[in-house]
Amino acid sequence: MKTQTKTEFQNTKTQLKKHKEDIASLKREVRDLVEHRERVGGNFSEIEKKLDATEKQLRDKTAKLENLETETEGAFNDTQRLLSLYKNELSNLTTTAQRLEVKVEGRLDSTRTEFDAKLKEVQNKNEAFSTKLNEQSAKVDEFKEESDRKLRSIDTQLKTQKTTVDTQKADIDSLKSSTAGIKTRLGSAEGKLAEQNTLKKALNRLTADANAKVAFSATIIESTHVFTGPGSSHKKTLIFNRVLTNIGKAYNSKTGIFTAPQKGVYHFSFMTFGYSGYTSGAILVKNGHYQVSTWEFKGPDASDTTSNAVILELNVGDCVSISLWQGGKVHSSVFSGFLVFPTS
């Protein structure tokens, strides 16, 4: 804007200068005309007309010049005001720039101080890192030397092992040759072993069959003390001390108790004989628990006979016996049993 106004002002001055030159030229023409009139005299009407026209042109140009001067002065004044405003704005900008410069310098100083502190800290860390790096480098070199020593030792061991392996390979080849003969003999031994296993299985079957045969029968020996009883407690185990049969040795003639030698199903029977003056009969007991019984009370008969039988499933170690009733008394009696079949 300032540049444009300045240019217009220069143009206006140029025009004013040109108009002044025109006026000066007209004045010279007028002087020439006056001089010519004085020289020639006579009819000046035409010259006066020209002078009037020239004077009119001069007045028009003067009016235009005055208008142009007025406009120029107004534009100049506007330019001055704008320049004043620009100067004030420039002054404000200069003041703001100075304040900003002070702030920026303060900020730069603070940043520079902080940067120097951080730079020093980084340098310290870098020095510590360099020291640590040198230590680690020394450790790496030491580890490398140790690894080289170990590798050389391993290489030596591998060579020794290779020699040993070669020797063992030769031994293995020799063993293979020996093994071929052993396999031939082993084939014959395996045939014999299979035959022995077959015989062992047959023997086990025979042993099982022998063990599966369990049977007994026993009675009370006749004597002056043949009567047994009366029972002095809730129950009294009768001891059949005359053994007629005891295959498997499961009946004990001293205790009167049969103990199952194996798990299976067993058949038991018993018979009692007594006089009518006493209660007769007996109870078959399994592991202390009543199973079956017989009973004959006192009566007019001279004698009484009772009998019973039962089939029980027993486990190994189960006990079976015959007990007398409390207050009872028997004469000759028989207790028998046998294994029907074993169970698994």
Side-chain angles (χ1 to χ4, degrees), residues 1-138 140-141:
M1 181 69 181
K2 183 178 178 180
T3 304
Q4 184 180 0
T5 304
K6 187 175 181 180
T7 303
E8 291 178 356
F9 183 73
Q10 291 293 332
N11 292 333
T12 303
K13 287 179 70 176
T14 302
Q15 290 179 4
L16 285 173
K17 185 177 180 181
K18 184 178 180 182
H19 288 315
K20 287 180 180 180
E21 291 176 354
D22 291 339
I23 290 170
S25 177
L26 287 172
K27 286 181 177 181
R28 283 194 301 273
E29 289 180 1
V30 170
R31 283 197 304 271
D32 291 340
L33 287 172
V34 170
E35 291 176 357
H36 184 69
R37 180 182 177 182
E38 290 177 352
R39 285 195 303 271
V40 298
N43 191 6
F44 292 100
S45 58
E46 185 177 353
I47 295 172
E48 289 178 353
K49 289 180 181 179
K50 289 181 179 181
L51 288 173
D52 291 336
T54 303
E55 186 177 3
K56 185 178 183 300
Q57 291 178 357
L58 183 61
R59 285 196 302 271
D60 291 339
K61 290 183 178 182
T62 302
K64 288 180 179 180
L65 181 60
E66 290 176 353
N67 291 332
L68 182 60
E69 287 179 350
T70 302
E71 290 177 358
T72 302
E73 186 177 0
F76 181 75
N77 293 331
D78 292 339
T79 302
Q80 289 294 110
R81 285 194 300 273
L82 288 173
L83 287 173
S84 179
L85 291 174
Y86 287 152
K87 287 180 179 179
N88 293 332
E89 186 68 24
L90 181 61
S91 178
N92 293 333
L93 290 173
T94 302
T95 303
T96 303
Q98 291 175 351
R99 287 198 300 269
L100 287 174
E101 184 177 1
V102 172
K103 289 183 179 180
V104 169
E105 287 179 356
R107 182 68 59 84
L108 285 174
D109 292 337
S110 175
T111 304
R112 189 179 297 107
T113 303
E114 184 178 357
F115 176 76
D116 291 339
K118 289 186 176 179
L119 180 61
K120 188 174 182 180
E121 181 181 357
V122 170
Q123 288 175 348
N124 293 333
K125 289 183 178 179
N126 189 28
E127 290 177 358
F129 177 75
S130 297
T131 303
K132 189 174 182 180
L133 185 62
N134 292 331
E135 292 176 356
Q136 291 181 350
S137 178
V140 168
D141 293 337

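Atoms considered below: every heavy atom in the structure, side chains included; atoms not considered: hydrogens, waters and symmetry mates. Computed from a predicted structure; not experimentally measured.
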Give every donor-acceptor pair under 3.5 Å between a side-chain atom in residues 87-94 and any protein atom, sequence neighbours left out.
| unit_1 | atom_1 | unit_2 | atom_2 | d |
| --- | --- | --- | --- | --- |
| N88 | ND2 | S84 | O | 3.3 |
| N92 | ND2 | N88 | O | 3.3 |
| T94 | OG1 | L90 | O | 2.6 |

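Counting only heavy atoms from C-beta outward, the side chains of T7 and Q10 never approach each other to under 4.5 Å. Here the side chains of Q98 and V102 are not in contact, with every heavy-atom distance at 4.5 Å or above.
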Salt bridge (Lys or Arg N to Asp or Glu O under 4.0 Å) evaluation trace for D32 with R28:
CA-CA 6 Å; D32 291 340; R28 283 194 301 273; over 6 Å; no
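Going from atom OG1 of T95 over to atom CG of L100 covers 11.0 Å, rounded to the nearest 0.5 Å. Here E114 contributes atom CD and E121 contributes atom CD; the two are 10.5 Å apart, rounded to the nearest 0.5 Å. Separation of atoms CD (E105) and NZ (K103) is listed at 13.5 Å; rounding is to 0.5 Å. Separating the NZ atom in K125 from the NZ atom in K120 is a distance of 14.5 Å, to the nearest 0.5 Å.
Checked for salt-bridge contact, D116 and R112 miss the test: no charged N lies under 4.0 Å from a carboxylate O.
For S25 (side chain) and E21 (main-chain N/O), no donor-acceptor pair under 3.5 Å exists by modelled atom type.
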